[in-house]
Amino acid sequence: QVQLVESGGGLVQAGGSLRLSCAASGGTFSRYSMAWFRQAPGKEREFLAAISWVGGSTRSQDSVKGRFTIFRDNAKNTVYLQMNSLKPEDTAVYYCAGTPYGNIWSFPDGVNYWGKGTLVTVSS
């Protein structure tokens with residue numbers, strides 16, 4: 001059973017940066033395509049970015065393109081979300097997700113595993 005554990009959330013001022021981490025265990029991480037989602041209070045969960053298991057292809061939603069970057073380190077079984085130029089509307093619980101093999105278009109529907117989330121709060 002694959003387990004995903006997010007970390008790196010916290011309180012940051014608008015314009016600041018955070019790097020979220022998602023550590024995977026219980027599976028062969030290098031064979032998983034991974035993604036980040038978020039859910040703001042009172043809103044539905046929103047897909048943000050994905051990275052494929054092979055080739056390193058990525059894609060991001062327009063709402064975060066140019067500000068958020070997804071990348072992975074297979075040696076550390078970890079996927080990251082670098083968030084820059086944060087805005088108060090980025091306040092949400094951030095979740096990582098994974099699916100075996102797949103590709104960047106496997107998300108948002110093809111999630112097999114979810115983390116429990118990490119809270120990001122951006123103050124104005």
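Below, each value reflects all heavy atoms present in this structure, side chains not excepted, and no hydrogens, waters or symmetry copies.
Pairs passing the salt bridge (charged side-chain N to carboxylate O under 4.0 Å, His left out) check and including a residue from residues 100-124, sequence neighbours excluded, do not occur. Sequence neighbours left out, the pairs with a member in residues 15-124 that pass disulfide (SG to SG under 2.5 Å) are C22-C96. For the salt bridge (charged side-chain N to carboxylate O under 4.0 Å, His left out) condition, no pair includes a residue of residues 71-86, sequence neighbours left out. Within the structure, salt bridge (charged side-chain N to carboxylate O under 4.0 Å, His left out) pairs that include any residue of residues 53-62 comprise D62-K65 (at least two apart or interchain). The disulfide (SG to SG under 2.5 Å) pairs that include a residue from residues 60-89 number zero, where partners must be two or more places apart or lie in different chains. Pairs of residues two or more places apart, or lying in two chains, never qualify as disulfide (SG to SG under 2.5 Å) while including a residue from residues 27-73.
Atoms CD and OG1, from Q13 and T121 in turn, are 13.0 Å apart once rounded to the nearest 0.5 Å. Taken to the nearest 0.5 Å, the OG1 atom of T69 stands 6.5 Å off from the CG atom of N84. Separation of atoms CE (M34) and CD1 (I104) is listed at 15.0 Å; rounding is to 0.5 Å. The OG atom of S30 lies 8.0 Å from the CG atom of N77; values are rounded to the nearest 0.5 Å. The CZ atom of F68 sits 9.5 Å away from the OG atom of S17 when rounded to the nearest 0.5 Å.
Residues satisfying the ring-ring contact (aromatic ring centres under 6.0 Å, His included) criterion with Y80, sequence neighbours excluded, are F71. Looking at residues two or more places apart in sequence or on another chain, you find a side-chain contact (heavy atoms from CB on, under 4.5 Å) between E46 and R38, L48, S63. Qualifying side-chain contact (heavy atoms from CB on, under 4.5 Å) partners for V120, counting only residues two or more places apart in sequence or in other chains: L18, L20, M83, Y94, V122. Scanning for side-chain contact (heavy atoms from CB on, under 4.5 Å) contacts around V2 gives L4, Y32, Y113, with sequence neighbours left out. When the side-chain contact (heavy atoms from CB on, under 4.5 Å) test is applied to V111, the partners found at least two apart in sequence or on another chain are F37, A97, F107, W114.
Looking only at distances, a side-chain donor or acceptor of R67 sits under 3.5 Å from a matching main-chain atom of S85. For T99 (side chain) and G110 (main-chain N/O), a donor-acceptor pair under 3.5 Å exists by modelled atom type.
S124 and A14 get closest at one heavy-atom pair: CA-CB, 4.4 Å. Looking at every heavy atom in both residues, G9 comes nearest to T118 through N-OG1, 3.2 Å. Taking each heavy atom of A49 and S60 in turn, the nearest pair found is CB-OG, 3.8 Å. Contact detail for F47 and P108: the closest heavy-atom pair is CB-CB, 3.9 Å. The shortest non-hydrogen separation linking T58 to I51 is CG2-CG1, 3.7 Å. Nearest heavy-atom pair, A50 versus I70, reported as atom, atom and distance to 0.1 Å: O-CG2, 3.6 Å.
In this structure, F29 and V79 have side chains that are in contact, with non-hydrogen atoms separated by less than 4.5 Å. Side-chain atoms of L11 and S123, non-hydrogen and from C-beta on, do get closer than 4.5 Å to each other.
For S52 and N103, the side-chain atoms include no donor-acceptor pair closer than 3.5 Å.
Counting non-hydrogen atoms of neighbouring residues, nucleotides and ligands closer than 6.0 angstrom, the CD atom of Q39 exceeds 12 such neighbours.
Chaining together hydrophobic side chains whose heavy atoms lie under 4.5 Å apart places V54 alongside W53, Y101.
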